Amino acid sequence: MDCNDIIIGMAGSGGDGVVSAGDILTASAAAEGIYAIMLKSFGPQIRGGESSCRIRLSTKPVLSQGDVIDVLVVFNWPDFARFGAELEVRDGAYVLVEEKDKTEDIPLPNAAKCKITKIPFEKLAVEDAGNPKAKNIVTLGVLGAMFGLPVEGIKREIEKKFKKKGPEVVAANHKAVDVGMEYVKAHGGPAELHFAHSSGKPLMALTGNEATAFGALAAGCRFLASYPITPATEIMEWLSREMPKFGGTVLQAEDEISAINAVNGASFGGVKAMTSTSGPGMSLMMEAIGLAAMAELPVVIVDVQRGGPSTGIPTKTEQADLMQAVYGMHGDAPHAVLAPADVEDCFEVAWRAFDIAERYQMPVIILSDQLVGQRKETVAPFNIDTVKVAVRATPDLSEGVKFKRYEDTPTGISPMTWPGMKGGEYLASGIEHTEDGSPSSMHETHEKMIEKRSRKLDALSGEFKFIRRYGADKPHVGILAWGSSKGAVREAVEKLGANGVSAAALIPELMHPLQKDEIRKFVASCKNLLVIEMSHSGQFEHYLGANGLLPEKTLHYRVSGGRAFSAREIESAVRAAAEGVEYKAKAQEPRRMMGKDEE
Amino acid sequence: MDCNDIIIGMAGSGGDGVVSAGDILTASAAAEGIYAIMLKSFGPQIRGGESSCRIRLSTKPVLSQGDVIDVLVVFNWPDFARFGAELEVRDGAYVLVEEKDKTEDIPLPNAAKCKITKIPFEKLAVEDAGNPKAKNIVTLGVLGAMFGLPVEGIKREIEKKFKKKGPEVVAANHKAVDVGMEYVKAHGGPAELHFAHSSGKPLMALTGNEATAFGALAAGCRFLASYPITPATEIMEWLSREMPKFGGTVLQAEDEISAINAVNGASFGGVKAMTSTSGPGMSLMMEAIGLAAMAELPVVIVDVQRGGPSTGIPTKTEQADLMQAVYGMHGDAPHAVLAPADVEDCFEVAWRAFDIAERYQMPVIILSDQLVGQRKETVAPFNIDTVKVAVRATPDLSEGVKFKRYEDTPTGISPMTWPGMKGGEYLASGIEHTEDGSPSSMHETHEKMIEKRSRKLDALSGEFKFIRRYGADKPHVGILAWGSSKGAVREAVEKLGANGVSAAALIPELMHPLQKDEIRKFVASCKNLLVIEMSHSGQFEHYLGANGLLPEKTLHYRVSGGRAFSAREIESAVRAAAEGVEYKAKAQEPRRMMGKDEE
Amino acid sequence: MADAKASPKDYLSGLKPIWCPGCGDFAVLNAVAKAFAELGLPKEKVAVVSGIGCSSRLPGYLGTYGFNAIHGRALPIAAGLKLSRPDLTVLAVGGDGDIFSIGGNHLPHVSRRNIDLKCIVMDNAIYGLTKGQVSPTTPIGEKTVTTTYGSIEDPIQPLKLLLSYEASFVAQSTSLDLNHLISMIVAMMRHKGFAFLNVRSPCVTYRGKEQYDVIRSRSKYIDKEPGYDATDMRKAWHHAITPEYISLGILYEKYRDTYEDRRDKLREAAKAGRDCTLTDVMKGFMK
Amino acid sequence: MADAKASPKDYLSGLKPIWCPGCGDFAVLNAVAKAFAELGLPKEKVAVVSGIGCSSRLPGYLGTYGFNAIHGRALPIAAGLKLSRPDLTVLAVGGDGDIFSIGGNHLPHVSRRNIDLKCIVMDNAIYGLTKGQVSPTTPIGEKTVTTTYGSIEDPIQPLKLLLSYEASFVAQSTSLDLNHLISMIVAMMRHKGFAFLNVRSPCVTYRGKEQYDVIRSRSKYIDKEPGYDATDMRKAWHHAITPEYISLGILYEKYRDTYEDRRDKLREAAKAGRDCTLTDVMKGFMK
Ligand SMILES: Cc1ncc(C[n+]2csc(CCOP(=O)(O)OP(=O)(O)O)c2C)c(N)n1
Ligand SMILES: Cc1ncc(C[n+]2csc(CCOP(=O)(O)OP(=O)(O)O)c2C)c(N)n1
Ligand code: SF4
Ligand code: SF4
Ligand SMILES: [Mg+2]
Ligand SMILES: [Mg+2]
């Protein structure tokens with residue numbers, strides 16, 4: 001059976017190299033022009049713990065990580081069990097297991113409906129490939145031969161990857177691929193399931209965090225100060241490698257407070273600057289983001305959301321920093337919030353964040369999440385020419401013209417200077433101030449200046465459109481969702497449409513200020529409205545309510561984080577909404593398989 | 001003309017002692033059983049700058065600081081001008097000025113309509129009382145004799161105040177009072193306006209911050225860690241004096257992060273603990289408040305709001321930390337928010353905050369503000385017997401019973417232990433955890449535990465009622481307001497009612513979780529709904545919207561902070577709302593009087 | 001108070017550590033349990049507080065009260081706990097990132113206050129949990145995931161800092177010498193006042209197994225020198241900053257009033273000889 | 001670059017300070033303006049960054065670029081500014097609460113990095129702006145509004161801390177001696193690397209005018225001693241901790257590579273001899 005969309009899952013111990021095999025597979029897909037999304041997952045151990053990955057390959061752009069797995073490779077079942085619902089397999093799936101595993105012990109609820117195939121991975125690696133560590137590479141050979149994956153591409157990737165270690169290493173790994181392929185040929189040959197593809201234009205393979213970092217660099221960001229935190233650290237790691245090549249600076253600050261304030265300082269100096277963090281770091285940055293709002297400094301803050309509250313679940317996604325991003329500062333502190341919905345978006349959102357920050361002189365928060373930030377996708381090379389490199393409005397400093405740094409203008413944007421500009425000297429401050437920057441504690445000044453600053457949001461929402469709509473024009477069920485939910489939502493909308501269910505989705509990417517008119521138009525066009533989000537308390541729904549955008553009857557589908565949405569569950573939620581009822585996710589079955597839950 | 005409600009304003013330089021005169025007047029009112037509210041205001045200078053106070057005296061409980069001033073004493077007009085709208089005088093007011101001041105220079109817009117009285121304050125102090133520093137005391141004598149204020153009470157307060165300095169000092173100050181009184185007798189005698197009062201039961205005179213501190217002490221708080229910040233510092237100052245007497249500890253921490261975390265530590269130890277701060281400090285505390293939510297620790301945080309964002313206006317009030325208090329933490333972090341509406345409330349809200357925190361094992365934020373926190377009011381002695389001293393639910397630790405710290409219960413409240421309890425050892429953590437406290441990164445655990453924690457809010461809003469309603473049953477205009485706005489709102493509602501305008505107000509004091517049913521009922525009973533708040537962006541209105549509580553057409557009256565609401569402007573807003581239109585505050589007239597606005 | 005039959009195992013929770021095989025933190029866990037047993041501490045009277053990091057997982061592996069809090073805040077939490085519950089034994093633990101970087105501002109203040117709590121840093125000169133970023137104790141020139149081209153920052157010298165903060169007990173040990181480590185923990189727990197112990201605890205995953213050799217070859221047991229006087233600040237200083245060797249042992253120990261001692265006196269002064277009631281206090285508002 | 005005709009007045013904004021009459025901070029303001037004039041700094045190339053406090057009002061009184069930011073964060077803001085704009089002269093100023101208490105964690109890190117910026121603390125041993133609370137440099141026993149019964153905390157010793165942080169320039173002066181103050185500011189501005197100046201600047205309102213006498217009677221100009229060697233850390237240490245007198249002058253000054261120097265080299269290493277384009281970088285995603 002030919003297919004052009006296949007999902008492969010692998011699980012094993014740290015030493016089994018399943019993630020590295022996944023990386024090679026994804027990279028070779030990219031090189032062949034095949035679309036892919038790869039998710040990795042690790043246990044709490046830094047080393048030697050369990051790890052897994054799931055790769056969806058398709059000849060068409062893939063929207064989400066996909067629902068159930070078509071081909072599963074498991075080196076170790078206890079390891080597999082730790083990933084619970086993340087690795088659900090479909091009925092009829094191929095399950096490749098170690099030869100020694102007993103079929104009756106396989107803890108899949110639908111094991112009886114799967115095609116269990118025993119393969120002596122370990123033995124092949126040790127005896128035939130001559131290297132116990134090459135088990136994952138042997139596996140790639142097996143997968144390639146069984147399911148028609150791009151084996152030549154895999155070999156090329158292996159070559160690139162091991163080149164530095166010398167030709168012997170490359171040859172040994174190539175041999176491991178061959179060992180796997182030959183084993184398949186000798187034992188039953190290719191499976192019925194065949195991934196039919198032909199080579200296309202090469203794609204890039206990168207994570208959302210890398211795309212964000214690259215977008216910032218392209219926008220002209222030349223200063224990053226951050227403090228390490230999962231799942232945002234890759235932004236700093238990538239920029240610490242690339243930024244110096246462009247004469248920029250990456251500072252690993254002593255904490256997040258220092259990081260955001262260094263960014264405030266750099267921005268005051270006229271340099272485009274950014275910091276990257278996750279929830280706990282965001283919480284620490286609130287005061288200084290408010291300072292940027294008050295002093296009207298262009299700064300960009302990336303929050304790659306993870307499970308919360310507090311330390312929460314650092315390695316998994318959630319969408320529950322939304323209210324903090326919008327309302328987390330004390331006082332009325334105007335700023336913007338943008339949310340990327342996939343890896344490609346990360347690039348655009350990053351440069352647009354700088355565009356907004358620099359032109360409107362305010363903090364812009366990029367609200368990414370672990371699911372977009374850390375997943376790897378194949379995407380077409382970015383069109384760098386689309387990037388607008390924003391320039392701040394500067395004042396007339398000629399003799400005799402009085403420069404007022406915080407001049408009250410119709411848009412609220414006051415032309416600004418920075419050190420080095422003669423005659424543009426001014427005092428930036430977090431204390432309330434008059435148009436010329438002098439401190440003031442008068443209500444009248446406050447009212448006027450707070451009005452001026454907030455006017456920038458009106459100007460922004462008037463000028464800037466960043467919202468996406470998918471599906472039917474007058475849907476039976478209209479979905480409002482945001483951020484990384486987009487993939488599964490869009491996929492569900494398309495599937496439902498193909499199956500005669502009229503659905504549509506609106507995904508705002510400018511989260512604050514909201515484009516209220518667009519949302520109102522959408523809401524008015526829907527028979528039933530369904531808000532979908534990964535926040536137990538329903539932050540997005542509350543936020544829409546706060547903006548007066550929800551009709552009396554709004555349905556919702558919300559779960560807490562710790563996993564990705566699947567298109568399948570969204571479909572179910574939409575089908576329920578079509579009947580006017582709310583869908584509740586079933587308690588996940590695989591959970592019962594686990595021994596101890598603690599990590 | 002007799003009156004039983006009089007507003008006196010005074011303005012001068014730091015050395016003039018107007019605030020100290022106001023304090024004496026307020027204290028003597030309290031001793032006589034007269035109701036009073038006193039507001040002070042200072043320029044940005046620490047010393048030697050301008051200062052002013054306004055005291056409203058009444059034989060009935062006073063709800064707000066009052067609108068326009070009946071009697072104004074000005075030692076120095078440039079100083080007066082800095083207070084702009086804060087010291088507006090009514091037509092027909094008595095204005096007492098230094099003899100040397102030229103009537104035509106008096107910069108009051110309605111000067112022509114005022115009764116300008118020239119008095120040689122300086123000269124009386126220097127020549128007759130023999131002490132240039134006694135000008136303010138002379139003034140008290142003048143005011144007493146002219147308007148029938150309780151002169152004997154004033155003398156008694158002076159005695160108490162100066163006792164420590166010796167009988168000569170007391171006598172000299174008594175003489176200053178006499179000098180003032182005699183001057184009045186000799187020059188025109190008592191004014192027509194006469195404050196008619198008789199002595200009643202003595203009242204206390206205290207600020208909201210003091211009442212908050214006392215409420216905490218009464219609730220059993222035995223640990224306070226704070227960092228100084230205006231306008232909250234008095235809470236720490238008061239407790240640093242009183243807490244040690246009760247065997248408690250007050251720690252001035254190195255910063256707010258340390259303060260709130262020390263409080264987390266004390267609470268983990270089973271001790272009732274609190275921190276006090278204002279907006280900038282709150283912003284720094286967000287991470288650790290989230291920790292308390294996750295680790296389910298009872299902690300109390302007081303935020304005495306000031307003008308924001310950022311450093312903003314430290315000495316003046318605003319109601320724009322509401323969204324932060326409710327939504328400022330990353331992730332879904334259940335906690336409660338209470339808002340006192342006047343000085344008396346501060347006491348009750350403080351002990352109730354501990355009651356909620358301890359029983360529900362979560363952070364409780366007291367959202368006070370500068371207007372309640374720093375104003376002085378006379379109130380009847382607190383009934384200490386009403387205070388519930390909460391006790392945490394503890395588990396059965398008998399042999400053989402497995403103690404699960406985070407047991408999933410119907411209310412979400414899990415009996416807890418603290419160090420010292422044998423068999424109750426457990427790991428508190430900010431990382432997601434199972435019922436027995438072990439770390440977990442499974443979605444299923446997360447969903448279950450986040451559900452458990454949020455259930456506490458349902459239990460709380462079901463059990464705890466703290467909301468106040470004033471005015472007509474089926475009002476033409478219903479007001480939703482909160483916190484310190486209450487005074488002016490209630491006064492306006494009563495006045496409007498007396499004038500045949502049917503108005504009502506609902507003031508929730510449990511701000512989070514909201515008592516939705518009560519609010520819905522109220523909203524349904526109103527013809528027009530008006531949301532009143534001191535936040536330019538309309539945080540309260542957004543918050544009500546987020547909770548789905550606002551009808552399609554809601555009117556609002558919002559201003560930024562930096563001043564107090566007057567009942568008069570609320571009246572205007574209600575009258576406009578009765579016509580279905582929104583009221584806009586007029587640009588304040590006094591503003592034009594000022595020279596330079598910067599401070 | 002001491003429980004004669006205490007065994008180290010009694011102080012463990014039984015949860016299996018998720019540290020990498022070979023991680024230095026295993027030794028610290030063992031040493032803590034052994035020291036607690038040696039001191040016979042009733043386990044319900046002990047609280048171990050940590051921040052976030054590989055090292056901060058430690059309280060979860062103990063059977064005492066524990067608090068695995070947020071990054072960098074072990075010390076203020078421990079301080080709040082100890083100040084309100086002076087009857088407890090309170091130990092704060094964490095990593096070099098946790099305690100010297102994000103939490104760095106708590107050290108001088110807890111030291112100068114001389115709060116009677118203990119602090120162990122598992123110093124591996126790297127951010128372990130977040131997978132290998134530079135830390136304030138990482139040597140200059142070192143390549144990490146955030147210093148691709150080698151670190152350009154001079155590291156801090158923890159012992160020197162703690163001496164200048166006036167910690168009343170400053171010691172160093174390593175995961176390589178379990179007995180020494182136990183003895184240092186026992187000594188710090190016996191000290192009255194703020195006690196600080198830096199443990200060179202290798203991160204085999206991000207700094208390599210070589211760290212064991214580096215530490216082994218450069219260690220010197222300074223307090224085994226005859227006549228070593230731990231109250232001599234100048235000597236302590238010398239051992240703290242010498243580039244020649246890694247000083248192991250108690251560099252400095254000097255008793256002085258604790259915060260708790262002084263607070264007791266303050267309470268007496270406040271009470272001025274009589275018990276105070278809420279009604280008394282309320283009278284203050286009526287002057 | 002130097003502007004020969006610069007006068008101190010050119011560096012003032014003309015805004016009237018709101019400090020109390022007699023406040024020590026007036027002298028610091030004057031000294032800064034005079035030092036800038038002496039150095040002939042173009043005022044558009046100077047940025048003065050502060051936190052919040054009486055002392056932090058200073059940038060508002062200068063005519064250079066200024067940033068009156070938030071409490072405790074003058075240093076990280078100044079660091080971000082200097083690192084991204086190495087062509088500027090960047091001075092951070094603040095109070096003892098601002099820089100030693102809430103902002104205390106920025107000092108060790110800015111020092112060890114040796115970022116080429118300057119820091120002046122107006123140390124009045126009290127929280128002035130918030131009306132008289134205890135600060136980390138307030139002497140033990142002192143009564144303040146938050147220490148009704150006298151402070152029970154040992155204060156920090158700023159100079160000692162800065163020395164242990166390896167600040168490459170550590171000096172002290174006072175508001176009482178304008179000429180000395182000017183000379184210290186000039187010296188610190190000429191130093192390449194992180195320079196720290198503690199100024200004993202009396203708060204007459206909350207610590208009393210007596211502070212002037214206390215400082216006057218206890219001051220000693222240590223670097224006026226013949227043969228004083230400011231590169232001798234041990235001597236510096238001695239002067240920093242001696243209880244006998246208040247040491248005035250440059251206690252320590254030693255040049256070493258700045259962060260900026262090292263970063264320049266790092267950039268060269270990263271570029272590896274060729275100019276990099278965005279397209280080159282993007283190719284990295286295609287491996
Ligand atoms: C506020 C905050 N910032 C950052 C992090 C991410 N984080 C967790 S542990 C850690 C550092 C770990 O290093 P260290 O403290 O040395 O402990 P180790 O893992 O090396 O034992 C960091 C940066 C966090 N959890 N919270
Ligand atoms: C985050 C935060 N916490 C607290 C404050 C309140 N605050 C303003 S200035 C100050 C301390 C002032 O003392 P210091 O830094 O010594 O300066 P000085 O006024 O004595 O010059 C404090 C606590 C604040 N503005 N922001
Ligand atoms: S990463 Fe390093 S510190 Fe963390 S457990 Fe592994 S070896 Fe230990
Ligand atoms: S309060 Fe003290 S520090 Fe502040 S201006 Fe007055 S004298 Fe100076
Ligand atoms: Mg470490
Ligand atoms: Mg100070």
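What you see is a predicted model, and the numbers here were worked out from it, not measured in a lab.
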Worksheet item: Of all of A:M286, A:E541, A:R306, A:H433, which one pairs up most often with chain B through heavy atoms under 4.5 Å apart?
Response: A:M286

Practice prompt. Give a yes or no answer on whether the side chain of A:K316 reaches the backbone of B:M442 with a donor-acceptor pair at less than 3.5 Å.
Written response: no

Item to complete: Please flag which part of B:L550 lies under 4.5 Å from any non-hydrogen atom of chain A: side chain, backbone, both or neither.
Response: neither

Discussion item. So if I apply the side chain to side chain contact (heavy atoms under 4.5 Å, CB included) rule between B:S560 and each of A:H443, A:M449, A:E444, A:E432, which one comes out positive?
Written reply: A:H443

Worksheet item: Any side-chain heavy atom of A:T311 within less than 4.5 Å of one from B:M294?
Response: no

Worksheet item: Can a donor-acceptor pair be found between the side chains of B:Q305 and A:H330 at a distance below 3.5 Å?
Response: no

Discussion item. If you count heavy-atom pairs within less than 4.5 Å of chain B, which of A:S454, A:G430, A:G290 leads?
Written reply: A:G430

Practice prompt. Can you tell which part of B:I257 gets under 4.5 Å to a heavy atom of chain A, answering side chain, backbone, both or neither?
Written response: side chain

Fill in: Pairwise distance CD(A:Q319) to CG(B:D332) - rounded to 0.5 angstrom
11.0 Å

Fill in: chain B contact via A:S537 - which portion, at a heavy-atom distance below 4.5 Å
both

Fill in: Beyond-backbone contact of B:P309 with A:M329, side-chain heavy atoms, under 4.5 angstrom
no

Practice prompt. Specify which of A:G281, A:G545, A:A320, A:A546 makes the most heavy-atom pairs with chain B at under 4.5 Å.
Written response: A:A546

Worksheet, complete the sentence: When rounded to the nearest 0.5 Å, the distance separating OG of B:S441 from CD1 of A:I313 is 6.0 Å

Worksheet item: Quick one: what part of B:A293 sits under 4.5 Å from any heavy atom of chain A, side chain, backbone, both or neither?
Response: neither

Practice prompt. Go through the side-chain N and O atoms of B:H536 and A:E451 and say whether any donor and acceptor fall under 3.5 Å apart.
Written response: yes

Worksheet item: Which bit of B:R453 is near chain A, if near means a heavy-atom gap under 4.5 Å: side chain, backbone, both or neither?
Response: side chain

Fill in: Modelled atom types, side-chain donor and acceptor of A:E318 and B:H446, under 3.5 Å
yes

Response to the item:
When the 4.5 angstrom heavy-atom criterion is applied to B:S535 and chain A, the contacting part is both

Discussion item. Under the rule for side chain to side chain contact (heavy atoms under 4.5 Å, CB included), what residues qualify as partners of A:S52, not counting sequence neighbours?
Written reply: A:A11, A:S41, A:F83, A:L87

Discussion item. Quick one, A:Y543 and B:H542 - any side-chain contact, counting heavy atoms below 4.5 Å?
Written reply: no

Worksheet entry | Max heavy-atom pair count under 4.5 Å with chain A, selected residue of B:S429, B:G312, B:G562, B:P314 | B:G312

Item to complete: Tell me, out of B:M285, B:E287, B:M282, who's got the most heavy-atom pairs with chain A below 4.5 Å.
Response: B:E287

